[in-house]
A.B. asks: 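I'd like to ask some things about the structure below.
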Amino acid sequence: MAKDASTVFDLVILGGGSGGYAAALRGAQLGLDVALIEKDKLGGTCLHRGCIPTKALLHAGELADQAREGAKYGVKSSFEGIDMAGVHKYKDGVVSGLYKGLQGLVASRKITYVEGEGRLSSPTSVDVDGQRYEGRHILLATGSVPKSLPGLEIDGNRIISSDHGLHLDRVPESAIILGGGVIGVEFASAWKSFGTDVTIVEGLPHLVPAEDENSSKLLERAFRKRGISFSLGSFFEKAEYTDNGVKVSLANGKEFEAEVLLVAIGRGPVSQGLGYEEAGVEMDRGFVLADEYCRTNVPTISAVGDLIPTLQLAHVGFAEGILVAERLAGLNPVPVDYDGVPRVTYCHPEVASVGVTEEKAKEIYGADKVVTLKYNLAGNGRSKILNTTGEIKLVQVRDGAVVGVHMVGDRMGEQVGEAQLIYNWEALPAEVAQLIHAHPTQSEALGEAHLALAGKPLHSHD
């Protein structure tokens with residue numbers, strides 16, 4: 001029997017990743033007495049095994065490409081190879097700095113931080129190593145882990161997950177990546193820059209299949225130019241060891257061999273054996289079910305982040321955690337509009353979007369009510385200087401607001417902030433067109449696209 005802590009907290013949070021720590025910080029800011037429980041490291045997947053370290057690898061890859069290509073720009077540079085120990089030192093230094101800063105933030109807000117593996121013991125308590133933490137409300141934020149397929153064992157040797165991929169002590173000569181979503185194409189991009197011969201296997205018809213089809217096709221074209229191979233439209237059947245690596249067989253009879261197989265088919269919720277079902281929490285395929293305010297069917301329990309079936313993005317976890325804290329503090333927060341969440345895939349070139357795809361817009365508004373416009377980055381001076389190609393595609397309700405912005409090109413992730421405002425403030429093309437964008441910038445491309453959509457194109461054809 002766990003020993004009860006003397007304090008009854010306003011909020012006990014199980015999980016210190018993006019959603020959990022955001023709820024803790026905002027809750028404490030609003031005067032709630034908060035306990036935050038984490039079995040591993042504060043910051044969770046995003047900080048230690050996801051967003052931050054993967055982008056550090058991608059930046060190292062970008063520098064490798066620039067070293068190879070210096071002569072294009074009149075710069076005498078040479079590429080001598082990748083020092084993985086040095087790459088990891090850089091990557092881990094970025095993570096370590098952010099981790100220390102986050103620890104300081106949590107301490108400064110007077111949050112009770114508990115290190116240990118927690119388990120929900122009732123609708124109002126969590127047990128950690130024999131100690132019971134009582135709360136007027138419980139927030140479940142236990143996150144996710146890499147998924148695999150039946151019969152496909154991730155062994156950390158030749159068949160690896162993204163967690164293993166972040167700590168490889170070498171650059172693999174060749175790699176098969178199972179899954180052409182965000183995780184798969186980001187690793188493909190980084191490894192190609194490092195010098196790996198990469199093949200992506202995706203069962204659906206396109207890479208980044210959740211994006212607008214035009215974005216997927218642009219990325220596929222760019223990957224072909226970079227020498228990244230991919231097989232689309234046929235599902236995985238089996239993987240087996242060879243003398244020197246792994247052989248992957250597909251349902252259509254194709255076979256691929258490489259030194260390693262990275263399994264990047266997505267992430268599944270961490271919920272098994274944590275007492276959720278015993279406490280009466282409604283579940284579906286391991287996910288905790290919650291409403292638009294992140295409330296479960298148990299009145300004293302909420303859930304956020306990768307644990308619930310919403311977008312698996314760190315910034316969504318932040319928003320959901322803040323929403324729960326504000327609701328419990330008596331404020332009246334607005335539910336998250338998941339279509340209005342910016343989405344970025346940080347490969348080379350980047351894929352960024354907000355709002356709905358053209359296909360989804362036609363389902364919602366009718367095909368005759370949807371207008372689209374494509375602006376080629378070839379007409380953007382700053383993109384020309386950076387030697388990047390791509391497009392901005394706008395999806396508009398005829399005579400109405402822009403409901404989708406889809407961008408492909410280097411640094412497009414940095415433009416998605418303005419795109420988010422355009423979508424979420426339901427801007428008309430003419431309203432964006434009258435705003436003056438600095439020249440030469442890549443943000444200017446968004447302005448030019450809206451000028452064209454408003455019927456007064458400048459650096460683009462009618």
Side-chain angles (χ1 to χ4, degrees), residues 40-41 43-70 75 77-100 145-146 148 153-201 223 226-230 239 241-246 248 256-265 267 345-350 410 413:
D40 190 9
K41 289 182 176 179
T45 293
C46 170
L47 179 53
H48 300 284
R49 297 176 298 281
C51 317
I52 301 301
T54 53
K55 279 50 178 184
L57 286 186
L58 283 157
H59 183 59
E62 182 183 1
L63 293 176
D65 288 333
Q66 289 174 347
R68 288 187 190 96
E69 297 166 3
V75 176
S77 61
S78 61
F79 175 71
E80 296 180 11
I82 298 293
D83 169 16
M84 281 311 297
V87 171
H88 289 314
K89 183 179 179 182
Y90 151 66
K91 166 179 65 69
D92 295 343
V94 172
V95 171
S96 176
L98 292 170
Y99 179 42
K100 287 175 184 174
V145 289
S148 188
E153 181 185 353
I154 297 175
D155 57 21
N157 182 11
R158 300 183 196 176
I159 302 176
I160 64 175
S161 70
S162 56
D163 289 356
H164 302 117
L166 287 170
H167 300 287
L168 281 184
D169 60 359
R170 68 194 189 285
V171 176
E173 286 189 17
S174 57
I176 299 165
I177 297 177
L178 183 58
V182 173
I183 298 170
V185 301
E186 287 189 350
F187 266 96
S189 187
W191 279 350
K192 181 63 181 178
S193 296
F194 288 169
T196 303
D197 183 12
V198 179
T199 301
I200 304 170
V201 173
F223 270 18
R226 292 187 62 194
I228 297 173
S229 302
F230 46 89
Y241 272 24
T242 64
D243 290 343
N244 302 310
V246 184
V248 170
F256 302 93
E257 291 191 33
E259 180 184 332
V260 296
L261 167 62
L262 172 69
V263 181
I265 60 168
R267 299 180 64 86
T345 304
Y346 294 86
C347 50
H348 167 50
E350 290 182 352
D410 289 345

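Throughout, numbering of the chain's residues begins at 1 and tracks the sequence. What you see is a predicted model; the values in this text were computed from it and never measured.
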A.B. asks: Working to the nearest 0.5 angstrom, can you tell me the gap between Ile82 CD1 and Phe194 CZ?
C.D. replies: 5.0 Å

A.B. asks: I need the minimum non-hydrogen distance between Leu261 and Ala239, along with the two atoms involved.
C.D. replies: CD2-CB, 3.9 Å

A.B. asks: So, do Leu166 and Phe187 sit near enough that their side-chain heavy atoms are less than 4.5 Å apart?
C.D. replies: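 Yes; the side chains approach each other to less than 4.5 Å.
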
A.B. asks: Rounded to the nearest 0.5 Å, what separation is found between the CD1 atom of Ile200 and the NZ atom of Lys192?
C.D. replies: 11.0 Å

A.B. asks: Check the orientation of Tyr90 and His59. Use parallel for under 30°, tilted for 30 to 60°, and perpendicular for over 60°.
C.D. replies: tilted

A.B. asks: Between Ile183 and Arg267, is the side chain to side chain contact (heavy atoms under 4.5 Å, CB included) condition met? List the steps.
C.D. replies: CA-CA 10 Å; Ile183 298 170; Arg267 299 180 64 86; 4.2 Å; yes

A.B. asks: Are any non-hydrogen side-chain atoms of Lys41 and Val95 less than 4.5 angstrom apart?
C.D. replies: no

A.B. asks: In Å, rounded to the nearest 0.5 Å, how long is the span from OG1 of Thr199 to CZ of Phe256?
C.D. replies: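 Output value for this atom pair is 6.0 Å.
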
A.B. asks: Decide yes or no on side chain to side chain contact (heavy atoms under 4.5 Å, CB included) for Tyr99 and Leu47, but give the supporting numbers first.
C.D. replies: CA-CA 7 Å; Tyr99 179 42; Leu47 179 53; 4.0 Å; yes

A.B. asks: Determine, stepwise, if the pair Leu57 / Trp191 fulfils side chain to side chain contact (heavy atoms under 4.5 Å, CB included).
C.D. replies: CA-CA 9 Å; Leu57 286 186; Trp191 279 350; 5.6 Å; no

A.B. asks: To the closest 0.5 Å, what do you measure between NE2 (His167) and NZ (Lys91)?
C.D. replies: 5.0 Å

A.B. asks: State the OG-CD1 distance between Ser162 and Ile265, to the nearest 0.5 angstrom.
C.D. replies: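 Those atoms lie 11.0 Å apart.
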
A.B. asks: Establish, from distance only, whether the side-chain atoms of Ser193 and Arg68 form a donor-acceptor pair under 3.5 Å.
C.D. replies: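 No, Arg68 and Ser193 have no side-chain donor paired with an acceptor closer than 3.5 Å.
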
A.B. asks: Is it the case that more than 12 heavy atoms not belonging to Glu173 sit under 6.0 Å from its CD atom?
C.D. replies: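 No, not enclosed.
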
A.B. asks: Looking at side-chain heavy atoms only, is the closest gap between Ile176 and Val246 below 4.5 Å?
C.D. replies: no

A.B. asks: Give the C-alpha distance, both sets of side-chain angles, the deciding distance and a yes or no for side chain to side chain contact (heavy atoms under 4.5 Å, CB included) between Leu178 and Val248.
C.D. replies: CA-CA 9 Å; Leu178 183 58; Val248 170; 5.6 Å; no

A.B. asks: A quick test of your reading: do over 12 heavy atoms of other residues, nucleotides or ligands sit less than 6.0 Å from NZ of Lys55?
C.D. replies: yes

A.B. asks: Within this structure, what is the OG1-CG distance for the pair Thr45 and Asp163, rounded to the nearest 0.5 Å?
C.D. replies: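 Between atom OG1 of Thr45 and atom CG of Asp163 there are 7.0 Å.
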
